[in-house]
Amino acid sequence: MKKALLGLVFVATLMTSCKEETKEEVKEAREAISNEMEGAIGTAAVKVDAAADSTRIKAGEILKKGADKINQAAEKLKESGKE
């Protein structure tokens, strides 16, 4: 992220110059920053999806265990009522 911000500062500095060569450098720097940011955003999205999937699976397992315990308690109550 720091690289991206420094890159933007660099681009802004270069844009103040009017030379054609400098404008080309600015364009290349802007494209490089854009590509880096797209990669970072893509990586973050994959990590968020993985974390969400993991959380969903864990929550499902916890709910299943809770339901099993409730069923066991219900069976115990049912058996104690028969006695």
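Here the structure is a predicted model, which is why all the values come from computation and not from measurement. Counting begins at 1 with the first residue of the sequence.
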Is there a donor-acceptor contact under 3.5 Å from the side chain of T55 to the main chain of A51? yes
Taking the side chain from S80 and the backbone from K76, do they hold a donor-acceptor pair closer than 3.5 Å? yes
Regarding D68 and K65, does a basic nitrogen lie under 4.0 Å from an acidic carboxylate oxygen? no
Can you tell me how far apart [atom1] ([X]) and [atom2] ([Y]) are? Round to the nearest 0.5 Å.
X	Y	atom1	atom2	result
N35	R30	CG	CZ	12.0 Å
K58	I62	NZ	CD1	8.5 Å
E38	I33	CD	CD1	12.5 Å

E61: which residues meet the side chain to side chain contact (heavy atoms under 4.5 Å, CB included) condition with it, sequence neighbours left out? I57
